[in-house]
*Asks:* 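Input: one structure, supplied below.
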Amino acid sequence: MAETHQADGADFTSVLSEDVDWQPFPSFPPSARLGVVVGDPTKPGMYTIRVKLPSGIKLMPHRHPEDRVYTVISGVFYIG
């Protein structure tokens, strides 16, 4: 489980890839996995998640009410 970090907190920690709890996510294809790194995406406030998608997976067009920052660690991610 990811630890919550508050902006006014004094402690920072490293989160290793092997420590992320990868789970299926209902609105993604069955082979996709989502891992919460920091925070809680179901509550207001900042959070960081990682998503693993097998090659060739397509996500249907959709919108988010907040701004998003995407970082592609490997592979290609088309968005538009």
Side-chain angles (χ1 to χ4, degrees):
M1 182 78 173
E3 292 183 36
T4 301
H5 173 74
Q6 301 300 322
D8 59 351
D11 297 326
F12 288 89
T13 61
S14 296
V15 178
L16 302 176
S17 180
E18 58 266 20
D19 294 334
V20 175
D21 184 20
W22 296 100
Q23 297 290 321
F25 192 69
S27 61
F28 285 7
S31 56
R33 295 291 180 264
L34 182 140
V36 177
V37 178
V38 174
D40 185 342
T42 66
K43 297 179 181 174
M46 300 290 290
Y47 62 89
T48 301
I49 61 172
R50 293 288 183 250
V51 177
K52 285 186 182 183
L53 297 172
S55 180
I57 291 293
K58 294 181 181 179
L59 300 177
M60 298 310 293
H62 61 279
R63 296 176 184 255
H64 295 280
E66 72 280 344
D67 292 337
R68 298 271 172 122
V69 175
Y70 295 90
T71 303
V72 178
I73 295 174
S74 90
V76 177
F77 179 62
Y78 295 101
I79 190 170

*Asks:* Rounded at 0.5 Å granularity, tell me how far CD1 in Ile57 sits from NZ in Lys52.
*Replies:* 14.0 Å
*Asks:* Hey, could you give me the CZ/CG distance between Phe28 and Leu34, rounded to the nearest 0.5 Å?
*Replies:* 5.5 Å
*Asks:* Tell me the closest heavy-atom pair linking Pro54 and Ser31, and the distance in Å.
*Replies:* CG-OG, 3.5 Å
*Asks:* From Lys58 NZ over to Tyr78 OH, what is the distance, rounded to the nearest 0.5 angstrom?
*Replies:* 11.0 Å
*Asks:* Would you say the side chain of Trp22 lies within less than 4.5 Å of the side chain of Arg50, judging by non-hydrogen atoms?
*Replies:* yes
*Asks:* Flag yes if Val20 and Leu16 sit in one hydrophobic cluster, no otherwise; membership is Ile, Leu, Val, Met, Phe, Trp, Tyr, and two members link when side-chain heavy atoms are under 4.5 Å apart.
*Replies:* no
*Asks:* Are Phe77 and Phe25 linked, directly or through intermediate hydrophobic residues, by side-chain heavy-atom contacts shorter than 4.5 Å (ILVMFWY only)?
*Replies:* no
*Asks:* Tell me whether Arg68 at atom CZ has more than 12 heavy atoms from other residues, nucleotides or ligands lying less than 6.0 Å away.
*Replies:* yes
*Asks:* What distance separates Glu66 CD from Met46 CE, expressed to the nearest 0.5 Å?
*Replies:* 10.5 Å
*Asks:* When you compare the side chain of Leu59 with that of Leu53, does any pair of heavy atoms fall below 4.5 Å?
*Replies:* yes
*Asks:* To check you understand the geometry: which heavy-atom pair defines the closest contact between Tyr47 and Asp40, and what is its length?
*Replies:* CB-N, 3.9 Å
